[in-house]
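Comments concern the structure below.
Only heavy atoms go into these numbers, but all of them, side chains included; no hydrogens, no water, no symmetry mates.
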Amino acid sequence: MSGGPATTKEQHISEPRINDRIRVPEVRLVGPNGEQVGIVRVEDALRLADEAGLDLVEVAPQARPPVCKLMDFGKFKYESDMKAREARKNQTNTILKEIRFRLKIDPHDYGTKKGHVERFLKAGDKVKVMIMFRGREQSRPEMGFRLLQRLAEDVSDLGSVESSPRQDGRNMVMVIGPHKKKAEAKAEERRRKDAESAGSAESASTAPDEAAEQAPAQQAAPEQAPVDQTATTAS
């Protein structure tokens with residue numbers, strides 16, 4: 001039974017208190033345009049909100065007294081949801097790929113693995129490059145550092161080092177991320193495809209209406225021909 005009230009209280013934490021749910025003697029009131037009204041009784045703040053057709057929203061409950069603002073809470077929630085949705089839509093979905101090197105790697109294998117790194121970066125993904133040390137190789141971390149540094153220089157036109165080489169047990173790890181322009185281009189390409197899909201759907205929906213508007217004009221054209229012919233004969 002004791003868990004019930006605590007659960008009910010937790011459900012209200014994520015959303016600010018508004019209007020009659022604000023149970024404090026006085027508040028520090030902020031007007032709808034951000035102007036500082038000052039400390040007023042909560043009854044007066046509620047009256048001002050009612051007269052303005054707005055809501056009294058508690059924006060800083062930890063303050064003493066709590067800070068409340070006059071606003072259209074429904075509109076505020078709608079705009080916040082739209083901004084969050086747009087942010088999720090525009091964010092770049094970056095995936096962390098992983099590729100492993102041996103310290104004593106031959107030129108052919110190095111070229112193959114470097115090609116994989118380049119392909120990942122071109123796709124707009126980050127790459128976690130790992131060198132695995134075996135046996136006595138652990139006593140030569142500088143060789144691993146030089147190998148990772150060489151790789152970073154070889155792919156510098158596609159990406160840059162986001163996490164410098166660091167020793168992690170028997171491994172040395174470095175993270176290379178695509179240049180921001182590449183990541184932004186990937187997001188822009190996704191937005192372009194979404195816009196094209198929406199445009200195609202709109203064109204398909206309007207095509208029947210355009211055909212219906214053209215049909216009466218095509219039917220009216222033959223009716224004018226006999227009239228013109230009669231006029232010519234009479235002359």
Test log, rule side chain to side chain contact (heavy atoms under 4.5 Å, CB included), inputs H116 and T112: CA-CA 7 Å; H116 293 326; T112 300; 3.8 Å; yes
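- V27 and V57 are assigned to two separate hydrophobic clusters, defined by single-linkage of ILVMFWY side chains at heavy-atom distances under 4.5 Å.
- Cluster annotation: V173 and V127 are assigned to distinct hydrophobic clusters (Ile/Leu/Val/Met/Phe/Trp/Tyr, side-chain heavy-atom contacts under 4.5 Å, transitive).
- Note: K77 NZ to F73 CZ = 5.0 Å, rounded to the nearest 0.5 Å.
- Taking CG of L29 as the start and CD1 of I39 as the end, the distance is 11.0 Å to the nearest 0.5 Å.
- The CG atom of L158 lies 6.0 Å from the CD atom of E118; values are rounded to the nearest 0.5 Å.
- Under the 4.5 Å side-chain heavy-atom criterion for ILVMFWY residues, a single connected hydrophobic cluster contains both I99 and M172.
- Side-chain atoms of D168 do not come within 3.5 Å of backbone N or O of N171 as any donor-acceptor pair.
- K126 places no side-chain N or O within donor-acceptor distance of the main-chain N or O of P178, the cut-off being under 3.5 Å.
- Contact check for Q36 versus V30: side-chain heavy atoms found under the 4.5 Å cut-off.
- Scanning both residues, D20 and R23, for their nearest heavy atoms gives O-NE, 2.8 Å.
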Derivation and outcome, side chain to side chain contact (heavy atoms under 4.5 Å, CB included), residues R85 and M82: CA-CA 5 Å; R85 184 182 304 175; M82 291 298 293; 4.1 Å; yes
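- Salt bridge status for E58 with R17: present, with a side-chain N to carboxylate O gap under 4.0 Å.
- Between C68 and I22, the closest heavy-atom pair is SG-CD1, 3.9 Å.
- Smallest separation of non-hydrogen atoms from E43 and P25: OE1-O, 4.2 Å.
- Proximity of a side-chain donor or acceptor of D72 to a complementary backbone N or O of G74 within less than 3.5 Å is detected.
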Side chain to side chain contact (heavy atoms under 4.5 Å, CB included) between K114 and R119, intermediate numbers included: CA-CA 9 Å; K114 185 187 74 169; R119 177 165 53 85; over 6 Å; no
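- Hydrophobic clustering (ILVMFWY, side-chain heavy atoms < 4.5 Å, transitive): V42 and V37 are in one cluster.
- Counting heavy atoms from C-beta outward, D55 and L70 have side chains that stay 4.5 Å or more apart.
- Put simply, the side chain of R64 gets close to the backbone of P61: a donor and an acceptor are under 3.5 Å apart.
- Between L147 and M143 there is no side-chain heavy-atom pair separated by less than 4.5 Å.
- Residues Q167 and P141 approach most closely at OE1-CB, 3.7 Å, considering heavy atoms.
- Between R140 and the options E137, E142, Q138, a side-chain hydrogen bond (donor to acceptor under 3.5 Å, both in side chains) holds for only E142.
- Rounding to the nearest 0.5 Å gives a distance of 5.0 Å between NZ of K128 and CD of E98.
- Judged purely by atom type and a 3.5 angstrom limit, Q149 has no side-chain atom pairing as donor or acceptor with the backbone of R146.
- Of all non-hydrogen atoms in D109 and D106, the two that sit nearest each other are N-OD1, 2.8 Å.
- Atom CZ of F76 sits in a sparse spot, with 12 or fewer heavy atoms from other residues, nucleotides or ligands closer than 6.0 Å.
- The CD1 atom of I131 lies 3.5 Å from the CG atom of L148; values are rounded to the nearest 0.5 Å.
- Considering every non-hydrogen atom in both L121 and G177, the closest pair reads CD2-C, 3.9 Å.
- Cluster membership for V40 and L54, using ILVMFWY side-chain heavy atoms within less than 4.5 angstrom, is shared.
- Looking at residues two or more places apart in sequence or on another chain, you find a side chain to side chain donor-acceptor pair (under 3.5 Å) between R47 and E51.
- For the residue pair Y110 and D154, a side-chain donor N or O sits within less than 3.5 Å of a side-chain acceptor on the partner.
- To the nearest 0.5 Å, the span separating OG on S156 from NE2 on H179 amounts to 6.5 Å.
- At a threshold of 4.5 Å between non-hydrogen side-chain atoms, the residues M130 and M174 do not count as touching.
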D50 and N19: CA distance, side-chain angles, deciding distance, side chain to side chain contact (heavy atoms under 4.5 Å, CB included) verdict: CA-CA 9 Å; D50 184 62; N19 299 330; over 6 Å; no
